[in-house]
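A short write-up of the structure that comes next.
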Amino acid sequence: MTGFQPRSEVSEYTIPEGCPGCGADLPVRVSEKGAMSVCTHCHWMGRPVLTVTHRGLSVEVKALQA
């Protein structure tokens, strides 16, 4: 075993008016661990579920539970 670690890819997107808390633009960061969002306006946090459909990308957001 060589100990080679593949480089992790991180993508960042902004969903216009996507915050379910305040309606502001919602930044989304996607890595190999999944998607994560934090609204910079109202500080809402959630884990969007991204799904590719025949109509394009579907984004469903659920709030995190403490």
Side-chain angles (χ1 to χ4, degrees):
M1 190 154 177
T2 64
F4 173 74
Q5 295 292 328
R7 192 171 61 173
S8 63
E9 296 276 334
V10 175
S11 299
E12 295 184 356
Y13 306 96
T14 299
I15 301 172
E17 300 176 1
C19 179
C22 69
D25 293 351
L26 185 65
V28 177
R29 178 176 286 174
V30 182
S31 70
E32 72 261 354
K33 295 180 181 179
M36 181 66 183
S37 299
V38 178
C39 178
T40 55
H41 186 260
C42 73
H43 306 290
W44 177 91
M45 288 197 272
R47 289 196 154 274
V49 177
L50 307 174
T51 308
V52 178
T53 68
H54 68 280
R55 296 178 133 182
L57 186 64
S58 170
V59 180
E60 180 182 351
V61 290
K62 295 181 181 179
L64 293 177
Q65 295 180 355

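Predicted, not measured: the structure shown is a model, and the values here were computed from it.
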Original post:
Between atom CD1 of I15 and atom SG of C39, what is the distance when rounded to the nearest 0.5 Å?
Top reply: 11.5 Å

Taking the side chain as everything from C-beta on, heavy atoms only, tell me whether [X] gets closer than 4.5 Å to [Y].
X	Y	answer
V30	V28	yes
W44	C22	no
S37	P27	no

Original post:
Any idea which heavy atoms bring G18 and L26 closest together, and the distance?
Top reply: O-CD2, 3.6 Å

Subject >> Residue pair A35 / R47: nearest heavy atoms and the distance that separates them >> reply: O-NH1, 2.9 Å

Original post:
What pairs meet the side-chain hydrogen bond (donor to acceptor under 3.5 Å, both in side chains) rule with one or both residues in residues 14-29, with sequence neighbours excluded?
Top reply: E12-R29

Subject >> Residue pairs involving residues 49-58 (criterion side-chain hydrogen bond (donor to acceptor under 3.5 Å, both in side chains); sequence neighbours excluded) >> reply: none

**OP:** Sequence neighbours left out, what passes side-chain contact (heavy atoms from CB on, under 4.5 Å) with S31? Give chain and number order.
**Re:** V10, K33

